[in-house]
Structures are given as structure tokens and as C-alpha cells.
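All remarks here apply to the structure that follows.
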Amino acid sequence: MAVPHLKVFFVVAEAVPYAKVGGLADVAGALPKALARMGHDVRLVLPRYSSIDEARFKLSARAEFAVTYRGQRTKVGLREILGGNGIPVYFIESPPQFQRPTIYGQPDDLDRFAFFALAALEAPRAIGWQPDVVHAHDWHSALAVARLRATRAGPRPATVLTMHNVQYQGNFGPEWPGQAIPDAGTLGLDRVLAGGGNHSMLALGVANADAVNTVSETYAREILTPEYGYGMERLLQSRGDRLCGIINGIDYQELDPATDPALPVHYSAERSAPRAMNKDALQRRAGLPLKAEIPILGMVTRLADQKGLDILAQALPAVLEMDVQFVLLGTGQPEYHKLMREVADRHKDKAAFVEGFDPSMAQLIYAGCDVFLMPSRFEPCGLGQLIALRYGAIPLARRTGGLADTVQDCGESLDRGNGFVFERYDAGDLLACIRRAAQAYQKREAWRQLMVKGMRLDFSWDASARKYVDLYGRALEWASEDRGGAAQ
Ligand code: GLC
């Protein structure tokens, strides 16, 4: 069946290659490209952060318009660049909100992103383009969805809200919306609270979007429980079949060990032997002894509780007594920086900690380590395990969220699944799983076959992009029902 070509407007706080904090940026970079390849007219809008490199990205001035926020009219600029696959990317330029040292973590983040979400909605009019679907992501742009539903004058685009992580909600106190958004009632805040949702931007979006999704099927079920719902479970349950899960893909053009410019040596599933030279290069760069025969455990992660760093910290002393090496790259919570620095200092010949974000080192870890660790407490999708598979590192993961949907245990003889899986969020279980992987590494031929099998799997965006197009179709129907009937 031919799908009509849709005009889809992504409203998002980060997207590669312009601004990146986490996996959200990768999705916002790659999904639009996959949709554009299918013939859809996809455009993005982001804040114009001061960190965006003007020398590298030539942003041209496109329009100017006024945004009313907290009763004040502010002029903003709209800048534009043609991104990958000819996708127009727009930037809301408003220095008071976005000329800041970091993308997130400013004391007025709520106001900054409420302003962004409202300004983003003005952009299509300013450029004379009418989207069919507004696709918002996470709490930063959720207000756009609520605002569109509250504006009942005339037809409106359908709205889809994708939650990449339900823990981050943009929570506010009861007094906040009154000052910032005088019509919070019409945005459905009363309904959110009555439905047992939190005072939060994300809840406003969840209550009002025509369709809500998250980034794997398992996580979409998990968030209906108190353990994973972070206070949103009842509101999420109330959305019934309007909530679904669609697994993320990764960009198979950008992430290809046969062409990746960050790698000293290229390789592929067909020619996997040269991968060993990347292991060598990784050991060299990490300052570890050059030993081909012992497995390297690798990790590229935000240093956050979500990622399982507390159980890892408990397991590490015993792990580092084994014949393994460990390399971790990441930034995040200061306590984990301190901890990882101590571990690396104490075990100089076995452990290395690369602080900060070094993209070429990250790629070298995927291409050089043997086992890629993801012991997450929860994981909406997880992209690291998909990149690891593509690059020939065997993922070792806790069975949760998107990890459960993409990593299956290879069993004793390594001839099933694609990785190593443990169930309980527990340091002992993680340690046992690492021990099993380190022993399995010695079965060289079975390991090589497992690795090549992983490299041949397809986690590209194409299948998931088709699921998004179906979801857009349903959202369009639900939006027209919603316009016909009264607001529930
Ligand atoms: C968030 C989630 C991660 C997911 C990513 C992209 O970073 O924590 O699991 O893969 O968003 O959707």
C-alpha cells in the first residue's frame, strides 16, 4: 500500500551533528534521514545553542518572528541549514535562553525549553510550510504538543510524542505554570493531575499527544509499572492503545567499520581479521599492555545511575582480579568520575578511564573491545549495544527495556543469540555474567562466529522508520477524531 508523503516537523532539543548530549541526538539525526529516504518531507527545529559551531555549519538567516512568553513579546530569529539528505534544519535564535555554557543543567531550564517549544510552533508559519505531523521528543518539546491541542481554532497537525527516557520529566512546582503559562488549565494540567500524573512538561505532553511512544516495546510495557514509571505509570496506563514502543535503529551509513574514519584499520563481517589491529590500537591509546589473548571489556556511557554504574563499581574489584582489561569512556555524575579515576589509578595495567567525550576514542572502543558492557538499571532502547554488534564487540547486557529486545543470550556453546544477558539488577549477577563471557572468550572459533553473526544483524533504521510512518497515519486519524469530538 502506498503511503502518502507526509510533512513531518521534528521539534527536538538535540540532534547530531549540531548538538549532542545523549542518544536522543542520534535518533533525531538518523530517523529523519530514513524518513526522507522514504520520500517524506521531514524538517527539524532545534534551539540555536552558542555551542553550535558556526565555522563548521553555515546557518543562514531565514525569518524573524515574535514569541509571547510570560506576558512578554520577544523577537527571535530563525536560522536554517540544509542537513544530511537535504533535510532543512531550523534553529530558534534567542540568546537570553540559548547562549549558555551547557545545553542542559541551567537553573531556568523549564523556562528555556518552554520558550523553545512555543517558539518552534511559530516557525512553520514564518516559512510558509504546514506540517501534517508535529513530532516532539522528551520533555523539552512536550509543551508544543499540549499547546497545539489547546488551540482549538481550525485544523491542527497531528501530534506524536516520543519519550526517550521517562525519568527526565521537566518537573515543576504547582506555582510554576501559572506564572509561565497562564492557560495551564486549557493545556490539560488538571487532567494530568486527576490522572495521577506529575506536575511536569512530559506529563502535559503524554496527556495531550494524539500518539505517544517510547523507544522499545519492552520499555513501553515497563513504564506502566511503579518501578519504571517514575510517577507517570497511571497517566501512561490511561493512554491505552495510544502508547506503543518502536525500537530505535542506528545509522548504518555513518556507523560502518568498513569506512569509519575514526578507525586505524577497517574491517567487515566478510573480512573480520583486521579488527585485531584496532584492539591493539585501543590498548595503546588507553595505556594498557598490548595483549591480544585477553578480553577487553569496553563501555561508552553517560556516568549516570541509570547505566548500572553502582553495581559495576561493586563488581569491579573482583572483575579486575580476572585476566581482563577494562576501558570506560564517559562523563556524568561527579561521584562516578571520582570512583572510576580511583579504579584506573589502582589498576593501571588493567583499567583505563577516558573522561569526557572523545568521539574517535568512542569508536575505537566499539571497534577494539571484545565485550561491550551495558548493565543498565533501565534502558529505554540503548544504542551502544547496537553499535557494538555492528562493530564486532559482543554486548553483555541486563535484560531490561530495549536491551531485552535486542540482545539474547548466546548460551553455553555460544551458538544461540548474540550476547551475554543477566536478569537481576545485582552486582553478583553482573560479575557472574562477566566471568562467563571472559571464559567464553577462550573458545576462539565459536567467539569469532558469534562476532560475525552479530555484525551481520540488521538494526538499521529502515524497519523502524516504517513503523513511525504507520504511527503518523494513526495519529492523523486520532487527531481528526479529537477535533470532531470534545476534549476528554
Ligand atoms: C535515551 C535513553 C536510551 C535511548 C536514547 C535514544 O538516551 O536512555 O536508552 O537509546 O534515549 O532513544
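Every number for a ligand or one of its atoms is a count from 1 in the order of the listing. Note that the coordinates shown come from a computational prediction; the quantities given were computed from them, not determined experimentally.
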- prompt: Considering distance alone, does some N or O of C381 sit under 3.5 Å from an N or O of ligand 1?
  reply: yes

message: Are there over 12 heavy-atom neighbours, none belonging to R436, within less than 6.0 Å of that residue's CZ?
response: yes

message: Under 4.0 Å from a heavy atom of N165: which atoms of ligand 1 are those, numbered in the order shown and with their elements?
response: 8 (O)

task: Could you say whether the N/O atoms of G382 and ligand 1 ever approach to under 3.5 Å?
output: yes

query: Do Y18 and Y49 pass the ring-ring contact (aromatic ring centres under 6.0 Å, His included) test, and can you show the C-alpha distance, the side-chain angles, and the key distance before you say yes or no?
result: CA-CA 9 Å; Y18 312 103; Y49 303 108; over 10 Å; no

Residue from R156, R242, R474 passing salt bridge (charged side-chain N to carboxylate O under 4.0 Å, His left out) with D210: R156

- prompt: With atoms numbered from 1 as shown, which atoms in ligand 1 lie under 4.0 angstrom from a non-hydrogen atom of V27?
  reply: 6 (C), 12 (O)

task: State the atoms of ligand 1, each with its element, that fall below the 4.0 Å cut-off from a heavy-atom position in R302.
output: 7 (O), 8 (O)

query: Can you list the ligand 1 atoms lying under 4.0 Å from a non-hydrogen atom of Q306?
result: 8 (O)

task: Could you list which atoms of ligand 1 come closer than 4.0 Å to a heavy atom of L383?
output: 10 (O)

- prompt: Who gets closest to atom 12 (O) of ligand 1 by heavy atom: Q385, M163, H137, H164?
  reply: H164

- line: the protein heavy atom lying closest to atom 3 (C) of ligand 1 turns out to be E379 OE2, 3.4 Å

message: Counting only heavy atoms from other residues, nucleotides and ligands, does the tally under 6.0 Å from CZ of R37 exceed 12?
response: yes

Option set T162, N248, L31, criterion heavy-atom distance to atom 6 (C) of ligand 1, minimum: N248

- prompt: Only one of F9, Y468, F10, F116 forms a ring-ring contact (aromatic ring centres under 6.0 Å, His included) with H137, so which one is it?
  reply: F10

message: Heavy-atom count check: over 12 atoms from other residues, nucleotides or ligands less than 6.0 Å from Q306 CD?
response: yes

Non-hydrogen atoms of Y219 and V166 that approach each other most closely: OH-N, 3.0 Å

